[in-house]
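A quick write-up on the structure given underneath.
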Amino acid sequence: MKITLNGEIKEYRDQLTVQELLQRLNLQPERVVVEINRIILSPETHNVTKLKTGDTIELVQFVGGG
Amino acid sequence: MLIYLNEKQLEVDNQLCLFELRNRHKKNSDLLIINGHPTSTDQELSHGDHVVMIRRGEHPSAEELESLMMARHTPDVQQKIKQGKVGIAGAGGLGSHVAIALVRIGIGQLNIVDFDVVEPSNLNRQQYFIDQIGTPKVIALKENLRRINPASKINIFNQKVMPENIAEFFGEVDILVEAFDTAEQKAMLTNYFLRNFPDKFLVAASGIAGYEPSNTIRTTKVTEKFYLCGDGVSAAEPGRGLMAPRVGIAAHHQANTVLQLLLNNTAE
């Protein structure tokens with residue numbers, strides 16, 4: 001599948017869920033905000049939301065400090 | 001001729017002298033400033049002069065402060081700032097700086113939420129004073145804000161922000177500033193707020209610790225309603241602490257983004 005991730009085109013051999021994408025990228029799910037095709041994803045649905053070719057994904061992982 | 005007395009336009013007779021102006025308008029002033037220079041001698045005024053008369057210890061009224069801001073910011077701009085309602089989630093290094101910047105320019109209303117008290121270790125970057133140690137941050141901050149500009153309405157909540165109470169604290173604001181400390185809290189608020197209040201703006205921060213370059217702190221428009229300030233990577237951790245200069249840079253990125261959103265409905 002071919003997706004646009006934070007403005008860059010990325011290609012993956014398998015179809016991934018959001019949870020699997022986060023694992024591949026080594027990101028911590030409780031620290032991220034995921035937007036797919038301009039809709040913010042509920043964190044509870046990371047494991048059931050399947051990505052597909054053509055999806056545009058914005059991913060932000062927060063770091064601590066304030 | 002036209003002069004400015006305490007930033008207000010005033011039509012006066014040609015050749016009017018400073019002391020006569022004082023006698024007519026503010027007899028008890030003990031500090032006279034003409035075009036930025038303090039003076040104690042009488043002199044003839046000229047067209048376009050800016051005269052400031054101050055009585056030491058006297059507090060300007062809310063109306064006076066507002067007219068000073070109108071003069072500085074222009075009436076159109078000031079009207080929009082005055083109508084602005086902004087939420088601040090967290091009153092630490094980010095939140096206390098953002099609150100002070102917005103109150104200085106005459107923000108209409110702030111809703112500030114924090115559950116902490118002022119600790120000695122906060123003073124390296126947060127806008128509190130030694131004599132406020134032990135006081136709940138929201139109470140100390142409200143007191144400090146009132147000393148700067150009593151005209152802004154400040155609503156405070158000494159509680160922890162959770163999904164269940166976000167609507168109560170921030171349901172009425174136009175823009176929310178995320179000013180939390182931990183990455184998990186930041187993500188929780190961002191996820192919840194953007195999904196449940198799709199018409200409101202969120203201005204968050206991430207990557208503000210240490211003394212890395214100032215210029216790596218940036219403001220990014222992540223989505224239509226979501227702005228993020230910081231370098232994105234500098235986490236607070238042992239060996240890289242939070243310090244006033246860089247936290248202040250990020251906080252003022254947030255405050256300036258809020259200002260742009262209030263004035264233009266978009267920011268860059």
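Lettering of chains follows the sequences in order, A, B, ..., and the numbering in each one begins at 1.
To the nearest 0.5 Å, atom CG of residue B:Asn191 and atom CD of residue A:Glu44 are 8.5 Å apart.
With a 6.0 Å radius and a threshold of 12 heavy atoms from other residues, nucleotides or ligands, A:Lys50 has its NZ atom at or below the threshold. The environment of A:Asn26 atom CG is sparse: at most 12 non-hydrogen atoms of other residues, nucleotides or ligands sit within 6.0 angstrom. The neighbour count for A:Met1 CE, taken as heavy atoms of other residues, nucleotides or ligands under 6.0 Å away, is above 12. Within 6.0 Å of the CZ atom in B:Arg218, the count of heavy atoms belonging to other residues, nucleotides or ligands does not exceed 12. Around CD of B:Glu172, the count of heavy atoms belonging to other residues, nucleotides or ligands within 6.0 Å exceeds 12. In B:Asn215, the CG atom is not crowded: 12 or fewer heavy atoms of neighbouring residues, nucleotides or ligands sit closer than 6.0 Å.
Only the backbone of A:Gln61 comes within less than 4.5 Å of a heavy atom in chain B; its side chain stays farther off. At a 4.5 Å heavy-atom cutoff, the contact between A:Val32 and chain B is made by backbone atoms alone. Contacts between A:Leu41 and chain B at a heavy-atom distance below 4.5 Å involve the backbone alone (N, CA, C, O). Using a 4.5 Å cut-off between heavy atoms, B:Ala205 touches chain A through its backbone atoms (N, CA, C, O) alone. For a residue to count as touching a neighbouring chain, one of its non-hydrogen atoms must lie under 4.5 Å from one of that chain's; by this rule B:Ala251 does not touch chain A. For A:Glu58, the part lying under 4.5 angstrom from a heavy atom of chain B is the side chain only. Proximity to chain A (any heavy atom under 4.5 Å) is shown, for B:Glu237, by neither the backbone nor the side chain.
Judged by distance alone, with hydrogens and angles left aside, the side-chain atoms of B:Ser206 form a donor-acceptor pair with the main-chain N or O of A:Val63 at under 3.5 Å. B:Arg125 places a side-chain N or O within 3.5 Å of a backbone atom of A:Gly66 that can act as its donor or acceptor partner.
Of all the heavy atoms in B:Ala236 and A:Gly65, the pair that sits closest is CB-CA, 4.0 Å. Across all their heavy atoms, A:Phe62 and B:Ala183 have their closest contact at O-CB, 3.4 Å.
When the heavy atoms of residues 138-164 of chain B are compared with those of chain A, none of the residues falls under 4.5 Å.
Here the side chains of A:Glu35 and B:Phe226 are not in contact, with every heavy-atom distance at 4.5 Å or above.
Heavy-atom pairs under 4.5 Å with chain A were tallied for B:Thr220, B:Val222, B:Val247; the largest tally goes to B:Val222.
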